[in-house]
Amino acid sequence: MSRLVVVGSQWGDEGKGKVTDFLGQKADVVVRSQGGNNAGHTILIGNEKFALQTIPSGIFNPHIKNVLANGMVINPKAALTELKNLEARGITNYHLYISNRAHVIMPYHMDLDGAYEQFKGSNKIGTTKKGIGPCYADKANRIGIRMGDLVNPDCLKEALENTLPIKNMELKMLGLKTYTVEEIFAEYVNYGKELKKYVCDTSLLLQEEIDANSNILFEGAQGSMLCLDHGTYPYVTSSSPTAASVPVNSGIAPKYIDHCVGICKAYTTRVGEGPFPTELNNEMGNYIRERGHEYGTVTKRPRRVGYLDLVVVNYAKRISGIDSLALMLFDVLTGVKELKICVGYKLDGKEINTIPATLKEYSMCEPIYITMPVWNEDITKCRDYESLPAECKNYIETIEKYTNIPVDMISVGAERNETIIRRDVFKK
Ligand code: IMP
């Protein structure tokens, strides 16, 4: 039995979907505990490609209980569309549980997300415009509407009556369209009716699963550097994608977390604005972007690409207590002409090994690189560590040396089976 947390150790898009899908084969429960449909997990099953945004990746396995926990923000319309799309593709036998304490993304949250970005001008965050930040802001302001309200018409009406006058003032001030209680109620009461069968107290459900010694996989969304508290603020998301946030965001006690797997791309990417010391604005960056299909699942934006930055990975290790690493998209680096790993930064002539708090300082950080031997062999057929070229082993062992974390999984292709397992992180 174990309770395992999967966290992104960079700026998101590390390939968490593949790892959670892979580990999910041994899980009884898969939980998403933060974020919303700003996340995008791509999963390849056979020749079929599935892009998930709100729904946990355990949805494909009829034995798994999938939980959307209290720390999430849920767009009910988007969640229902996602479920209907899955059903249209034959995924009909699933178990889904949505926390009655999760917050609901309302249409005005999306309007405000777009407007704030516009008003920030050149300082815009580059959000996914899904209303994530404004929804979490309402939660903190105690004017949010929760799933428990959505599925109860009387509660929904009352919540809208309390919230809308305040939101309308804000919308009016920003020159945006205002809403009436009736128009939102007429649409959202139906989403509530459709989702009601999934909504429950998921904290209770998780405790029962813990008591029954179930294997529980907490599937992180986004990455540690996008953490509201520890990331490159303000160029972050509005939740905490760290292992530390899992207990509060899912209603379990911290002592129940056994193991944390950090998902780490073999290089680095980021979408949206903000500092990125190892960014490659050159031929090498383009090569990696094309080979890695580095375009946003949610927004389709080309991702910014750079060399692997171990200062970032070590920072994520400290914040989340990463016990093992899954190295993703390793095959993408095959054939790259010049390969480097960043092992420290230079700031004002001094060497540092952490992320400075201010954007000003972080923008001034210069990467300290070690140059790595390259390889040209196709590694997608490798299924054990020994069959990898010496240069690949060298790359992996360099990561282990500088992070002191074992690389337990190596992904050499998009398919489930294109994976090298060095240690089984899910004990059963
Ligand atoms: P928001 O989460 O839509 O508010 O966006 C805030 C920042 O987080 C932006 O830079 C987004 O591009 C980034 N972001 C949000 N979700 C993801 C994700 O799943 N992968 C990568 N970046 C993300």
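Hydrogens, waters and symmetry mates play no part in the numbers below; they use all other heavy atoms, side chains included. Residues: numbered from 1 along the sequence shown. Counting starts at 1 for both ligands and their atoms, following the listed order. All figures in this text were calculated on a predicted structure; none of them were measured in a lab.
The distance from ligand 1 to the heavy atoms of Q222 drops below 4.0 Å at these ligand atoms: 15 (C), 16 (N), 17 (C), 18 (C), 19 (O). Atoms of ligand 1 found under 4.0 Å from any heavy atom of V236 (numbered from 1 in listed order, with element): 6 (C), 7 (C). Short contacts between ligand 1 and G272, defined as distances under 4.0 Å to a heavy atom of the residue, involve ligand atoms 10 (O).
Of the protein's non-hydrogen atoms, the one nearest atom 8 (O) of ligand 1 is L226 CD2, 3.7 Å. Looking from atom 5 (O) of ligand 1 to the surrounding protein, the closest heavy atom is T127 CA, 3.4 Å. Among all protein heavy atoms, the one lying closest to atom 22 (N) of ligand 1 is V271 CG2, 3.3 Å. Protein heavy atom at the shortest distance from atom 9 (C) of ligand 1 is G126 O, 3.2 Å. The nearest heavy-atom contact from the protein to atom 3 (O) of ligand 1 is T128 OG1, 2.6 Å.
Ion pairing of K84 with E87 is absent here, as no side-chain N (NZ or NE/NH1/NH2) approaches a carboxylate O to less than 4.0 Å. R270 has no carboxylate O lying under 4.0 Å from a charged side-chain N of E294, or vice versa, which leaves the two without a salt bridge. Of the charged side-chain nitrogens involved, none lies within less than 4.0 Å of a carboxylate oxygen, so that R422 and D408 do not count as a salt-bridged pair.
Using a 4.0 angstrom heavy-atom cutoff, S238 does not count as in contact with ligand 1. Not a single heavy atom of A221 sits less than 4.0 Å from an atom of ligand 1.
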Please assess Y369 against Y307 for the test ring-ring contact (aromatic ring centres under 6.0 Å, His included), listing each intermediate value before the final yes or no. CA-CA 9 Å; Y369 283 123; Y307 283 131; 5.6 Å; yes
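Considering backbone and side-chain atoms together, D13 places an N or O closer than 3.5 Å to an N or O of ligand 1. Between D113 and ligand 1, no N or O atom pair is found at a separation short of 3.5 Å. For T237, a nitrogen or oxygen atom sits less than 3.5 Å from a nitrogen or oxygen atom of ligand 1, counting backbone and side chain alike. Residue R301 places at least one N or O, backbone or side chain, under 3.5 Å from an N or O of ligand 1.
Both the sub-6.0 Å distance and the 45° axial angle are not jointly satisfied by R303 relative to the ring of Y295.
When heavy-atom distances to ligand 1 are checked against a 4.0 Å cut-off, Y235 has no atom that comes that close, whether in backbone or side chain. Neither the backbone nor the side chain of Q53 comes within contact range of ligand 1; no heavy atom lies under 4.0 Å.
Between the side chains of D309 and Y345, at least one donor N or O lies within less than 3.5 Å of an accepting N or O. For E283 and Y287, the side-chain atoms include no donor-acceptor pair closer than 3.5 Å. No side-chain donor from either of T237 and S239 sits under 3.5 Å from a side-chain acceptor of the other.
Of all heavy-atom pairs between L359 and T232, the closest is CD2-O, 4.1 Å.
The salt bridge (Lys or Arg N to Asp or Glu O under 4.0 Å) with E273 is formed by just one residue from the set K124, R301, R304, K120; it is K124.
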